[in-house]
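Step one of this worksheet: look at the structure below.
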Amino acid sequence: MNTLTNLTIDKALDGLKNKEFTSVELTQAHIDMMEKHNNLYAYITETPEIALKQAKASDEKRGTGNEIGILEGIPLAIKDLFCTYDVQTTASSRILEGFKPKYESTVTTNLFNNGAVMLGKTNMDEFAMGSSTTTSYYGNTINPWRRKDDLNQDLVPGGSSGGSASAVSAQLCMGATGTDTGGSIRQPASFCGISGIKPTYGRCSRWGVIAFASSLDQPGCFARSVKDNALILQAMAGHDPKDSTSANKPVPNFAAAIDGNIKGKTIGVPKEYRVDGMPEEILKLWEQGIEWLHDAGAKTVEVSLPHTHYALATYYIIAPAECSSNLARYDGVRYGPRADESDLLDMYEITRAQGFGDEVKRRIMIGTYVLSSGYYDAYYIKAQKVRRLILQDFLKAFETCDALITPTAPSAAFAIGENENDPIKMYLNDVFTVPASLAGLPGMSLPAGVDPQGLPLGLQVIGRPWDEETVFKVAGVIENLANFTARPQILL
Ligand code: GLN
C-alpha cells in the first residue's frame, strides 16, 4: 500500500510541516495512484502538470516561512461542474465538450488561495442529474468497493458526484469538491465509504459552478475523515459578492468544533424516515447510531417531519423547472460543439438534440411542462408552497433538538445498470437527502457500518441553518464510536 496516499489531510499537513515529505512527493504519489487505477474512470480530465507546478510552488512557499494556507500542498480532485481556468470543464455533457473557461469558480479560487493542488476534474452525472454517475457522456465511474459474493460485478459510486467519491475512496486524491442539489454529495459518500458534507445553502459561492437547479445547488466536499471535511469546507466557504445568494456570514473554525463533547445535546430521530421496505441492516445501523449518541451523553428524542412524504415529488418538480431554465443557454452559439446547419432554428434544435443525454432531456421536458401556463400554478407554485412546509417542519423539530440523525440512503451501492430502466426507482435514492436540500440545511454523511455483502453504509447528520459546527461535532462522535476501518478491495 502506498503510505503517502493512505494519509488523512490532517496527518499529511503534519508531515509537510515536519518536512517528512514535500508536496511534490505527496502529489506524485497520488498521480501514480491515478494512473494505476484509471480503470475506475473517476476523472474526466487529469491535470498532473498543473498539480506538480502548484505543488512545487507550495513547497517553495513553505520554505520561505511566509503565512501558509489551510490546505497548503494538499492534492485534491475537483468535480467537473466547477469552472477551472483554461482546463476543460464539461459537466459530463457532450454539449460542453472542449469548453475551457476563461475564469475560475470562487470555490476553486478559495481552495487554491489556501494552498490546494488540483489533480484533475472528476466524472459525474450529466449536469449533476442522477444518483449513479451512469449518465455521463464520458462513461461510467466505477465504485472501488465490491460485493463479497461477486467480486467481478462493477458497482456504481452513487451520484451525481460519483467521480469525486470514487477518487477519494480509492486514494486517487486526499479530498474532493462536490455539489449537492438533492443528495449528490451525501449519497455517493455513503456508497463509497467516505464522509461528505453539504453545507447550508449560501455557505459556499455558486459563482462559476455550472447551474443545475439554482435554489438547491450547493458546493461541498468529500474526504476520508470528518476533520478533513472541516478543513476543506473552511477553505472553500465564505461570502462572495458575485453570488447574490451567498451569505455574508463569518466562517467559523469548523475543525475546532470536533471536540468529542455532545453531553447535553439533544438529537432528533425523525419518525417519517422509517420508510416501508427499508433493508433491515440500514434500520439496525440507524438504531446503532442512536445508541452511540446515547453512550456519548446526548439525549435522543423522536421528532415528526410530517411533510417528508411529499419531499421527492416536490423536488422532482422544482429541480427540473429550474434546470429547464438554466439549460436554455446551451444553444451551440456560446459554448461547446455546434451542429452544422444553415438554418438558425435547426442549428439550435440539432445542437441540443445531439448535445444532451436522455436524462437531461427528460428533465428539460418535465421542467418546461410544469412551468408552462396552465400548469404553473398546479405544479410549480404548489411545489413551492410544499417546500415552505417542509422547511417549517424542520424548524419546528429544531425547537426540541440540536441536530437530526437518519440513514443517508435506502440501499448500499447497486450494480451498474440495475435501476437504469426505472427512473422512479432511481429517484428513490434521494428519499433521505432531498428534504434537507429543499430546506437548505447542512447535512453530512459518514461511513458507520457495512451490509452483509461488506459494502459501506452511511449515517446522515442534519443541522440547523448555519450550524455546521454541531453537524461536525455530532459526526465526529459517531466517527469515533463507529471506528469504520473497512477499505475497498482494490486497496487491499
Ligand atoms: N439524484 C438527485 C437528482 O438526480 C440529486 C442530484 C444532485 O444532488 N445533484 O437530481
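Ligands are counted one by one from 1 in listed order, and the atoms in each one are counted from 1 as well. Everything numeric here is computed off the predicted structure, so don't read it as measured data.
- Relative orientation of the Tyr273 and Phe432 rings is parallel, given thresholds of 30° and 60° on the angle between their planes.
- Glu468 is linked by a salt bridge (Lys or Arg N to Asp or Glu O under 4.0 Å) to Arg203, counting only residues two or more places apart in sequence or in another chain.
- Residues satisfying the side-chain contact (heavy atoms from CB on, under 4.5 Å) test with Ala189, not counting sequence neighbours, are Ile194, Phe222, Ser445.
- Cation-pi geometry between Arg274 and Trp286 is met: under 6.0 angstrom from the ring centre, within 45 degrees of the axis.
- Contact shell of ligand 1 (protein heavy atoms, cutoff 4.0 Å): Ala128, Met129, Gly130, Ser131, Ser160, Asp180, Thr181, Gly182, Gly183, Ser184, Phe212, Tyr315, Tyr316, Arg363, Asp430.
- Legend: side chain to side chain donor-acceptor pair (under 3.5 Å) pairs involving residues 158-167, not counting sequence neighbours, sorted by first then second residue: Lys79-Ser160, Lys79-Ser161, Thr122-Ser164, Ser160-Ser184.
- Judged by a 6.0 Å distance limit and a 45° cone about the ring axis, Lys121 is not positioned over the six-membered ring of Phe82.
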